[in-house]
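Worth saying up front: this structure is predicted, and the values here are computed from it rather than measured. In what follows, chains carry the letters A, B, and so on, assigned in the order in which the sequence lines appear, proteins first and then strands, with residues in each chain numbered from 1.
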Protein chains: 2
Amino acid sequence: MGTRVTFVSTSAGWEHPRTSFYTDHYELTMLQASLHSGAAHRKSVFEAFARRLPDGRRYGIVAGTGRLLEGIANFRFGDAELEFLKRTNVVNAQTLEYLASYRFSGDIWGYPEGEAYFPNSPILIVEATFAEACMLETYLLSVLNHDSAIASAASRMVTAAGGRPCIEMGSRRTHEEAATASARAAIIAGFDSTSNLEAGIRYGIKTVGTAAHSFTLLHDTERDAFEAQIASLGDHTSLLVDTYDVEAAVRTAVDLAGPRLGAVRLDSGDLVAQAQWVRRLLDDLGNENTKIVVTSDLDEYAIAALQSAPVDSYGVGTSLVTGSGAPTASMVYKLVSRTDDDGTFVSVAKAAKNKASVGGRKYALRKLNERGIATAEVVGVGRRPEDDGNDRPLLQQFMKNGELLPGWTGHEGVLRARRRHADSMAELPPVVNRLQRGEAAIPTLYEEN
Amino acid sequence: MGTRVTFVSTSAGWEHPRTSFYTDHYELTMLQASLHSGAAHRKSVFEAFARRLPDGRRYGIVAGTGRLLEGIANFRFGDAELEFLKRTNVVNAQTLEYLASYRFSGDIWGYPEGEAYFPNSPILIVEATFAEACMLETYLLSVLNHDSAIASAASRMVTAAGGRPCIEMGSRRTHEEAATASARAAIIAGFDSTSNLEAGIRYGIKTVGTAAHSFTLLHDTERDAFEAQIASLGDHTSLLVDTYDVEAAVRTAVDLAGPRLGAVRLDSGDLVAQAQWVRRLLDDLGNENTKIVVTSDLDEYAIAALQSAPVDSYGVGTSLVTGSGAPTASMVYKLVSRTDDDGTFVSVAKAAKNKASVGGRKYALRKLNERGIATAEVVGVGRRPEDDGNDRPLLQQFMKNGELLPGWTGHEGVLRARRRHADSMAELPPVVNRLQRGEAAIPTLYEEN
């Protein structure tokens, strides 16, 4: 995929929205009660992890971290927010005073965006006072759960496509801001481009598109529509050929654009059979270089089924933005360690049935065999796991004393995450290429103190 | 639900984000090509509708319209957007010039937010030039597809809960902005409150919450945590009792808070059995007025199963924000009519297999029997259907010549949509109360010219 252009340069000027109210009410009442008891100032370690992968999946892909870090750096309570909290009696005066000067000043570590994860991988670790860390719970989980669900699905589609470009075009099937985040996550997981203009301007991702059925219907004849499109967008454009009769449309397209016609797009019907006879027809008409794009309700399984057909690229919509059956990554954010009155760290964990967690700060590395293939996810509890030389440490530091460390956010963060995804996938065992349901590709092993 | 407080007053100050880039690239290339052919200025009718309901559902609920209308009123291309489109060669100079002065100046009609819909109900109708209307496709579908999916799931949960309050608490399981829209959609469909603070400040929805497991784990003992919470939030607070041992926690809670303890929250385990013995224990301890809230991975089926248990309210998360198996409403936006060179309207429709649509401007009414119960969705093609006196017209006008008509947006719009939902549900046949999979509750009948 080296020679394809996936990025354009970004525009400045996108202002981060208010992030401090992407918060559940209970985070502020906990803050109030812990300020009252004094425990708010205990040093705490919170961790985000998923107890399991979506049913049958072999791996997940971490995404959203760059977006999240930008948002945490902007997490502030202004006059409008404080006034609302006061007027609706969410919290008391002492808490409002604390919130007025809130600024995250802790450390954040985690798996870099684009990295593969497995059950109980410590994906994000927040070290701060309880007061500072507890308030990030909802926002942090929203971003990671959404973006990771999309990237995890996207990664499987890219694998199924086996090098043929995948185009993200699902914006219309999800919330408008989730759409932009989905385009970003898809690019990280190896998609080639997106239809979403906001993802283009905000993250510098290449956008693509030509025309819908409405454009054909707008004109008196299909020929009029194709003529207008070719005259305006050039003969290398992509023409949508299934509004009326596909064969007639392909013939009209070639008649008008000649051998330089860029592509025809098929958006309905039996795509495998159709791609085959459309390819033959194009070749017979002398259009060997005209490509075939397919775009009708594709998911990783449909893509796999189309691999034997003469298709040049896949446009993926609904299935991508809904996580292909797993629209959320089910990550949780748990307090795993905090100081006592003497300042000593104490591991903590709840005992609730089916939701028990492992207390203690986690460390992680990916165990690799002599050929550089991953064999296990090793999670150290309270200490770094043993590294036998081949192994790859997984945790990176993203924030130090509340300051963002460079390279993880913005356009640069997306580029870096895309490389991380490609490198991590190359290191996983071949079972990750199987779409069938099964166990996690590698086991998660705990090394405890 | 009359006496419960679901709304608080809103705060001013939330600025609508840029909406013009919630757009697919191809809308702008279509604009360019149609400006070239001149067809951009043809008057057009686009319609948003769903060809089918999610598998097995009896009805859907329209949501998002209020949010969408505010966004359309703000749909503008500023310097940053135009500079991006120019630099990345998305469109040519003529198109940039058109976009610089873009302002939607058409009419918009549709089903009011909160209304029930069925297959092929004409949910939103946009009448404008092709140029003006085609550009709204992606944004319009994003909002309607997301919010309607959430409202449709929420409505079933509210029905299953049979009058017991449902609390929306799924923010952490979906994109942070989708979370706010989900809270809004849930309230429209009859939820009582939300945990989401942004929904509180933006739409005046009541927010609720007390504490998570981390608050208990933060303190040296569960007793310390409960004591701190009661001291700070009052004895009428809700205590989370499943961090360690539920029975011990309930006894500690009652010991500390006394008979005025507001509620206990159960978040794990066998909720039916647990609610029953916790109720008996509370009663035995003299806490007949202490309520039981349950919150563990509930969906409409789990709620129905809990109706026999002594539960006072349901907190719903993941299942709500992911549409309970149907995360998108699969609405499409199709050109159904446009003028020809003489200015005469011509019905248009594509013939693509499995995706054929019905051309012509639609009108709609809900046919009611003598008892006021809905018996059919009647869609008139090109003309208003016959009204036999009992029937209820469904289309309302939202925008006229680009101006928003009052009452559909903001806090007022949410209130009105919530009433519309309640009224529409009361009018549907009893089959809508069944959670089992089946056909649409009423048939959609076309009346053609």
Requested in this report: Side chain from CB out, backbone as N, CA, C, O: work out which of these in A:Asp245 comes under 4.5 Å of a heavy atom of chain B, or both, or neither.
Outcome: neither
Report task. Give, as side chain, backbone, both or neither, the part of B:Ser44 having an atom under 4.5 angstrom from any heavy atom of chain A. Result -> side chain
Report task. Could you tell me which portion of B:Phe46 (side chain, backbone, both or neither) has an atom closer than 4.5 angstrom to a non-hydrogen atom of chain A? Result -> side chain
Report summary line: In terms of heavy-atom pairs under 4.5 Å with chain A, the winner among B:His146, B:Glu81, B:Arg338 is B:Arg338
Query raised in the report: Do we see a donor-acceptor contact under 3.5 Å between the side chains of B:Thr207 and A:His25?
Result: yes
Query - Under 4.5 Å from a heavy atom of chain B, the part of A:Val90 involved - result: side chain
Report summary line: Most heavy-atom pairs under 4.5 Å with chain A, out of B:Arg172, B:His219, B:Gln94, belong to B:Arg172
**Report entry** 4.5 Å side-chain heavy-atom contact, B:Glu177 and A:Glu176
**Finding:** no
Query raised in the report: Given the options A:Gln229, A:Gln32, A:Glu27, which has more heavy-atom pairs under 4.5 Å with chain B than any of the others?
Result: A:Gln32
Query raised in the report: With respect to chain A, which residue among B:Asn92, B:Thr138, B:Leu85 yields the maximal number of heavy-atom pairs within a distance under 4.5 Å?
Result: B:Thr138
Query - Region of A:Glu227 that comes under 4.5 Å of a non-hydrogen atom in chain B - result: neither
Report task. Sort out for me which of B:Ser330, B:Ala349, B:Ala178, B:Ser195 touches chain A most, counting heavy-atom pairs under 4.5 Å. Result -> B:Ser195
Report summary line: Highest number of heavy-atom pairs under 4.5 Å with chain B among A:Ala231, A:Ala179, A:Ala181 belongs to A:Ala231
Report task. First locate atom OG of A:Ser34, then atom CZ of B:Phe215, and finally report the distance between them rounded to the nearest 0.5 Å. Result -> 6.0 Å
Query raised in the report: Sub-3.5 Å donor-acceptor pair from the side chain of A:Ser142 to the main-chain atoms of B:His175, do we have one?
Result: no
Query raised in the report: In Å, rounded to the nearest 0.5 Å, how long is the span from CG of B:Leu35 to OG of A:Ser232?
Result: 8.0 Å
**Report entry** Closest non-hydrogen atom pair, A:Thr210 against B:Thr29
**Finding:** O-OG1, 2.5 Å
Query raised in the report: Do A:Asp24 side-chain atoms and B:Ser171 backbone N/O form a donor-acceptor pair below 3.5 Å?
Result: no
Query raised in the report: Between the side chain of B:Arg173 and the main-chain N/O of A:Met331, is any donor-acceptor distance below 3.5 Å?
Result: yes
Query raised in the report: Does A:Ser214 use its side chain to pair, donor to acceptor, with the backbone of B:Leu335 at less than 3.5 Å?
Result: no
Query raised in the report: Side chain, backbone, both or neither: which part of B:Leu28 has an atom under 4.5 Å from a heavy atom of chain A?
Result: side chain
Requested in this report: Using a cut-off of under 4.5 Å on heavy-atom pairs, state which of B:Leu141, B:Asp224, B:Leu197 scores highest against chain A.
Outcome: B:Leu197
Requested in this report: First locate atom CZ of A:Phe84, then atom CD of B:Glu198, and finally report the distance between them rounded to the nearest 0.5 Å.
Outcome: 9.5 Å
Query - Greatest number of heavy atom pairs closer than 4.5 Å to chain A - which of B:Leu140, B:Val348, B:Val208, B:Thr180 - result: B:Val208
Query - Gap between atom CG of A:Leu217 and atom OG of B:Ser347 - 0.5 Å precision - result: 11.0 Å
Query raised in the report: Is the backbone of B:Leu218 close enough, under 3.5 Å, to the side chain of A:Arg42 for a donor and an acceptor to pair up by distance?
Result: yes
